[in-house]
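Quick note: numbers below take in every heavy atom, side chains included, and nothing from hydrogens, waters or symmetry partners. For clarity, every value in this text was computed on a predicted model and none was experimentally measured.
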Amino acid sequence: MADRDDGAKKKRADRVVRPRAGAATFRRRALEPGTPLDKDLRKIERLEEATRAASRSHVALYATLVFLAAAAVLAGSHAQSGQSGQLIVLATLIGGYLALTIGANDVANNVGPAVGARALSMTGALALAAVFECAGALIGGSEVVETISEGLIDPTQLPNTDVFVWVMMSAMLAAALWVHLATFIGAPISTTHAIVGGVLGAGLVGLGSSAVDWGIVAGVFASWMLSPLVGALFAAGFVAFIEININYKPDKITAVRRWVPVFVALMAAVFFAFIALNVFGSVWGLRVRLVVPASLLVFGLVYLLAGPWVHAQSEGMENRNQNVRQMFRGPLIFAACLLSFAHGSNDVANAVAPLAAILENAGRPRLLDAVGVPFWVMLLGAVGISLGLFLFGPRIVRVVGEQITRMNPMRAFCVALAAALTVLIASELGMPVSTTQTVVGAVFGVGFFREYAARYSRRRRYYILTKKGRHAPPVLPATRDEVRRRKLVRRSHFIGIVATWAITVPSAAALAALIYIAINWIR
């Protein structure tokens, strides 16, 4: 009996005494991934997200209906004598719908990299883009636009203004529907090319192939390939230069103080030349021979001002790449604002130019060579673009800024600078380019350069370790996580966006042709 008691005591002594789990421990275990409670909480979170998305969609729908109703009332009050009030209201409704889709897709590309780099919040980016888009449209918007969009159709081939009005109406509606579809699937496309495709398709059906200027069409097709490619090369080149001359240097503080003022000054000079030539050039009669010296002067002044600012910001900064990238945060925000201003001054014409042409030519016996844009039409386009950006723009902002490749302030700054420089050069060469495709192409260029740099660094490390006789990992890792990291550009987004670019003009043209045929059948 005593032996049995001694054995029991020994077992109790050898037994590990575990502390009693408290309430916090039970909660932690219950919330571990895979537990029933964790699954239920995730279901509740998804339900809450779906509820918020549904409420936002209802707000967006009501705001859209209010905007279009106000546009219809405004159009009816400005209808001139001899014009059909119903026709003017219909054209204004389509123009307002087109402005909303342009804001949702085209404008969102300008601030997408800044949001992806965490330099701006989504709300802050949308607010800044809306303000500078409106400012660009109202301050630098063209007062006179061509009657035929992009010069695609020969005005002498038009039998009367009635045919022209319905061709432009069909083109606007087709472009708006195609851009809306692209926004819904999350594909950033060129609204300029959508308008060109709409005019092309409706013009072919209504007037025939002889009325189309195929040289302009060839230039548009060439811009599809060149503008994204050039933007990608510029962006990759800027990132490579910064990586080699700043990030790879042992003394990064000295490198930052040397090169960051140069990039800030270059950004200021490029945007000055871009806005001077493309926004105010037609109004003030500015030419390249005047803008180039002024741009060099801007470069020198900004360089002198940026030097002390960079020196002050880099005081006490750690010698790390993460701190170096944050030096581009302020210039990135400034570049995003300027890019939105320039975009609003130029591309707002995609929404207001066809509408202004319809309003000025409806009911006239002959077609006008050029028309003025009334202030209320320009205001309608600016407000519509800003409203579309706020209501429907976050989807494209996330695609461009977060889902194609990973962004930081330095990479996003290179994207904005490359886009502005590409559009500036192409505009002076007389090439029709798309700001959207240039920005997205620059994002692709940054991502593919990251892939190349990662592979090169692995091969270089393998070569150095092998040469020293040390054990080296394989050059091409086979694990799933390493393969995923090596492809730093999402191939699904790349293929989908490029495919959408390729079919934008033909799809918008086919849709406009069908709309024009349906309108003639109804009439």
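By the 30° and 60° cut-offs, the orientation of the rings of Phe444 relative to Phe448 is tilted. Ring planes of Phe413 and Phe328: tilted class, angle from 30 to 60°.
Checking side-chain atoms of Ser507 against main-chain N and O of Thr504 turns up no donor-acceptor pair under 3.5 Å. The closest donor-acceptor contact from the side chain of Arg395 to the backbone of Phe184 lies under 3.5 Å. In terms of modelled atom types and a separation under 3.5 Å, the side chain of Asn110 and the main chain of Ala129 share no donor-acceptor contact. A donor-acceptor contact shorter than 3.5 Å is absent between the side chain of Arg411 and the backbone of Val239. Judged by distance alone, with hydrogens and angles left aside, the side-chain atoms of Ser386 form no donor-acceptor pair with the main-chain N or O of Val383 at under 3.5 Å. Looking at Trp501, its side chain never comes within 3.5 Å of a backbone N or O of Ser190 through a donor-acceptor pair.
Put simply, OG on Ser170 and CD1 on Ile517 are 9.5 Å apart, with the number rounded to the nearest 0.5 Å. Between atom CD1 of residue Ile358 and atom CH2 of residue Trp166 there is a gap of 9.0 Å, rounded to the nearest 0.5 Å. Between atom CG of residue Leu173 and atom CG of residue Leu511 there is a gap of 7.0 Å, rounded to the nearest 0.5 Å. For the atom pair Cys414 SG and Met407 CE, the distance stands at 9.5 Å (nearest 0.5 Å). To the nearest 0.5 angstrom, Phe164 atom CZ is 10.5 Å from Met169 atom CE. Atom-to-atom distance recorded for Ser77:OG and Ile88:CD1 is 11.5 Å, nearest 0.5 angstrom.
The closest side-chain heavy-atom distance from Leu74 to Thr92 is not below 4.5 Å. Annotation: side chain of Arg118 is in contact with side chain of Glu402 (closest heavy-atom distance under 4.5 Å). Taking the side chain as every heavy atom from C-beta outward, Thr101 and Thr191 never approach each other to under 4.5 Å. Side-chain contact between Asn105 and Pro188 is present, with heavy atoms from C-beta onward closer than 4.5 Å. Counting only heavy atoms from C-beta outward, the side chains of Ile515 and Leu177 approach each other to under 4.5 Å. Using a 4.5 Å heavy-atom cutoff, the side chains of Val179 and Ile102 are not in contact. The shortest distance between side-chain heavy atoms of Val440 and Ile404 falls below 4.5 Å. Contact check for Phe238 versus Val446: no side-chain heavy atoms found under the 4.5 Å cut-off.
Pairing each heavy atom of Ile195 with each of Ala175, the nearest pair is CD1-CB, 3.7 Å. Pro409 approaches Ala117 most closely through the heavy-atom pair N-CB, 3.4 Å. Here the closest non-hydrogen pair linking Ala418 and Phe234 is CB-CB, 3.6 Å. Taking all atoms of both residues into account, the shortest heavy-atom contact from Phe449 to Ala236 is CB-CB, 4.0 Å. The two atoms that bring Leu93 and Leu68 nearest to each other are CD2-O, 3.2 Å, heavy atoms only. Phe274 and Ala420 get closest at one heavy-atom pair: CD1-O, 4.0 Å.
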Worked check of side chain to side chain contact (heavy atoms under 4.5 Å, CB included) between Leu417 and Leu266: CA-CA 8 Å; Leu417 181 58; Leu266 179 62; 4.0 Å; yes
* To do: Applying side chain to side chain contact (heavy atoms under 4.5 Å, CB included), run through Met410 and Leu332 and close with a yes or a no.
  => CA-CA 8 Å; Met410 183 268 289; Leu332 169 62; over 6 Å; no
query: So Ile189 and Trp178, side chain to side chain contact (heavy atoms under 4.5 Å, CB included) or not? Walk me through it.
result: CA-CA 10 Å; Ile189 65 170; Trp178 178 250; 3.6 Å; yes
- Message: Set out, in order, the CA-CA distance, both residues' side-chain angles and the distance that settles side chain to side chain contact (heavy atoms under 4.5 Å, CB included) for Phe271 and Leu421, then state yes or no.
- Response: CA-CA 8 Å; Phe271 275 103; Leu421 185 60; over 6 Å; no
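For the salt bridge (charged side-chain N to carboxylate O under 4.0 Å, His left out) condition, no pair includes a residue of residues 437-449, sequence neighbours left out.
A side-chain donor-acceptor contact under 3.5 Å links Arg450 and Thr405.
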